[in-house]
Asker: 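The structure is given below, and queries will be raised subsequently.
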Number of protein chains: 2
Amino acid sequence: MLGAVSRDDGSVVRMIDVANAAGVSAMTVSNVINGRPGVSAQTRLRVLATISKLGYQVNLAARHLRAGRTGAVGLIVPDIDRPYYAQLASRLAKGVEERGLHLVVERTGGDAERELEAISFGRLRMYDGVVISPLRVEAADLDQLRFETPVVFIGERPVPETFDHVMMDNVGGARQATRHLLTTGSRRIAIVGGRHDDHVDDMPSLRTRGYRQAHVELGADVDEDLVIEVESFDPASGFQAVKRLHESGIAFDGVFALTDAAATGVLRALADLRLEVPRDVQVIGFDNGKETEFLVPRLSSVEPGNDAMADRVLELLDHRVAAAGDGGDAPDPMTTIVTARLALRESTR
Amino acid sequence: MLGAVSRDDGSVVRMIDVANAAGVSAMTVSNVINGRPGVSAQTRLRVLATISKLGYQVNLAARHLRAGRTGAVGLIVPDIDRPYYAQLASRLAKGVEERGLHLVVERTGGDAERELEAISFGRLRMYDGVVISPLRVEAADLDQLRFETPVVFIGERPVPETFDHVMMDNVGGARQATRHLLTTGSRRIAIVGGRHDDHVDDMPSLRTRGYRQAHVELGADVDEDLVIEVESFDPASGFQAVKRLHESGIAFDGVFALTDAAATGVLRALADLRLEVPRDVQVIGFDNGKETEFLVPRLSSVEPGNDAMADRVLELLDHRVAAAGDGGDAPDPMTTIVTARLALRESTR
DNA sequence: GTGAAAGCGCTAACAC
DNA sequence: GTGTTAGCGCTTTCAC
């Protein structure tokens, strides 16, 4: 049997084997293992000794089948390779493990169908709770869904109010960043990764809205030539964006890059163009990643509060998993927006 | 029941429900779902229609309990946040999903006990196959282990010959990098993250050996003052290392940083010291990460062949999982060393 | 080509 | 404080 654990004699140690060896019933062994009350100290010790002597380990599949608990929390993300998701996964894994559970990471590749599939009935059943950061799924698709597994949504995609939702303050962070550039003398600020049409609720649109808001508030105009749409938000895109801007002869004295990764490419391109940062061009990124303070020049960035987001997600899961376990009333769904702040370094004045 | 899937009337759709609705037995439904032969085309269609009408999904826990297959491959790594592991996870996830399985990522935090625990009998049973990248576990501890789940080890830790093992060419890559610096005129090459005592088989020691080998081959001496041990291999460590070197007044005209992340900090520190790269100091990293070609200056690096490693891991799993499934003979364990090559850019001459 | 019986290893409910 | 009974939903075996 694939995956089965066998001892030297080829047999598998089951709970009943432990029970027989210890001279008790399987139920008592189960009670000991799960720390349930009603077992005498003496019996408990004998059972524990037998367990370690036989090297017994619970069969999680059987427990899952019987008890409905899986011991796993699912994290469903577009991609586990990108720093934002990798860090989210790392933080959640830590928290989930402290609660005696495992984190299972599933990647969708940013595919709408696979996102929906991942939160389908059957797949959710594999988890005690699920955290999903959708990229494409529509609120309308989610509206139909009804399930008992606690689900927390994370990110900027709109989500029906019937779900817990944790989001970063994309608009506010972008607004602060842009305001800083404007108030320190930049007049023509390029937004790398921005959207001309910012009416969809995704990351680039929300950050573009903050950029526009700041302009309106400070009485500045947005030149649509400075709104540079890009495919992906990596260094290569940032690099290309600045190169294109320069080749088009469009003047600019500030850059708001929608991610630190893109900003890395922006800095590289400006160095190639012999433009000095921040004297000729100010640059600010978004994410406040670990690398920012070691770039040349050190990159100013928006700190989105990812730790706080992860903590909040864990809190929400706690509430809901506890309620589901007790059969208690499910708490009202909540939307949390974590505030962003600026981390200013050498790339801005 | 937590995690249970319920329909509007609160009931759960089981295989037997599908069977009743389609007027067949559960066994026939099972045969249809698993694509087993011996079901007439007509019956098959009727069953499939009923399945989609009732929205039935197999209960994976029950299947797992009965069949012993889990549909999951485990990846056990010290940390999922670090780019090397994140990329490994991403690549493996893709490959595993192509095979109709899931990748479950577990992090150990680099703790020896937790690494051992993760490959214990009970935990392995959760997976059809396991990939583990240990950081601390000793070969002696592994020697005792005997299990039927296919396990592939990855990384530089020594592993008993009874296991499949995929490693990158740490020594060879470091040797090439150092040779390049030496043959292009550097005489005093600092190794950031190196080890004075390189007799343990871990990443820093192996790369240090390559560094020493290159020196021996080219008749150069290693000054132990240039071997800088660091705590972690992040930008901050690289930055500190160069600062300390400079403050001690130790001359150097080349830096081999054991990771690109450390090299990022090295470049930053050299910029602070107004040392020009590569004129005054040549710098080379290791990993050939995506960011390297956008740093200022563009970083030369050792390309370790991570894609090839991931492909090889998948290949090995394929063989072993297939053998375990068929009850066929297990293939002989193999050790694969993936060759490294240099990716030269602006930071070297 | 299809179905009935048995049981995977565990735990909830209840009896003693 | 401990044991007995039953059954979670599926698949293996074997009979028809």
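In what follows, every chain begins at residue 1, and chains take the letters A, B, ... in the order their sequences are listed. Everything quoted here is computed from the prediction, not taken from an experiment. Excluded from the calculations below are hydrogen atoms, water molecules and symmetry mates; all remaining heavy atoms, backbone and side chain alike, are included.
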Asker: Restricting to side-chain contact (heavy atoms from CB on, under 4.5 Å), what partner residues turn up for Glu156(A), sequence neighbours left out?
Answerer: Asn170(A), Met203(A), Leu206(A)

Asker: Once you round it to whole Å, what is the distance between C1' of dT11(D) and CG of Leu65(A)?
Answerer: 12 Å

Asker: Closest nucleotide of DNA chain C for Arg46(B) versus for Arg63(A): which of these residues is on the 5' side?
Answerer: Arg46(B)

Asker: Output yes when at least one side-chain N/O atom of Thr43(B) is less than 4.0 Å from OP1 or OP2 of dG1(C), else no.
Answerer: no

Asker: In chain order, what residues pass the side-chain contact (heavy atoms from CB on, under 4.5 Å) check against Met309(B), with sequence neighbours excluded?
Answerer: Tyr84(B), Ile154(B), Val166(B), Met168(B), Asn306(B), Val338(B)

Asker: Closest to the Thr28(A) side chain: dT11(C), dG3(D), dT11(D)?
Answerer: dG3(D)

Asker: In whole angstrom, give the distance that lies between atom CZ of Arg14(A) and atom C1' of dG7(C).
Answerer: 11 Å

Asker: State whether a side-chain donor-acceptor pair under 3.5 Å links Asn34(A) with Arg63(A).
Answerer: yes

Asker: Measure from the side chain of Arg66(A), starting at C-beta and using heavy atoms only, and say which of dC10(C), dG9(D), dT11(D) lies closest.
Answerer: dC10(C)

Asker: Using rotation axes that map the C1' atoms of four end pairs onto the next four (five pairs an end), what angle separates the end axes of the helix from dG1(C)-dC16(D) to dC16(C)-dG1(D), to 10°?
Answerer: 30°

Asker: Does the distance from a Lys or Arg side-chain N to an Asp or Glu carboxylate O, for Arg107(A) and Glu97(B), drop under 4.0 Å?
Answerer: yes

Asker: Could you list the residues that satisfy side-chain hydrogen bond (donor to acceptor under 3.5 Å, both in side chains) with Thr336(B), not counting sequence neighbours?
Answerer: Arg312(B)

Asker: Give the rounded distance in Å between these two atoms: OH of Tyr56(A) and P of dG9(C).
Answerer: 10 Å

Asker: By a strict heavy-atom criterion of less than 4.0 Å, which residues belonging to residues 16-27 of chain B are in contact with DNA chain D?
Answerer: Met27(B)

Asker: With a cut-off of 6.0 Å (strictly less than), are more than 12 heavy atoms of other residues, nucleotides or ligands near CZ of Arg46(A)?
Answerer: yes

Asker: Heavy atom of residues 33-42 of chain A under 4.0 Å from DNA chain D: which residues?
Answerer: Gly38(A), Val39(A), Ser40(A)

Asker: How close or far is atom P of dT11(C) from atom NE2 of His64(A), stated in whole angstroms?
Answerer: 13 Å

Asker: Can a donor-acceptor pair be found between the side chains of Arg82(A) and Ser90(B) at a distance below 3.5 Å?
Answerer: no

Asker: Give the nucleotide from the list dC10(C), dT11(D), dG9(D) with an atom nearest to the side chain of Ser30(B).
Answerer: dT11(D)

Asker: Can we say Glu113(A) and Arg136(A) salt-bridge, meaning some charged N sits less than 4.0 Å from an Asp/Glu carboxylate O?
Answerer: no

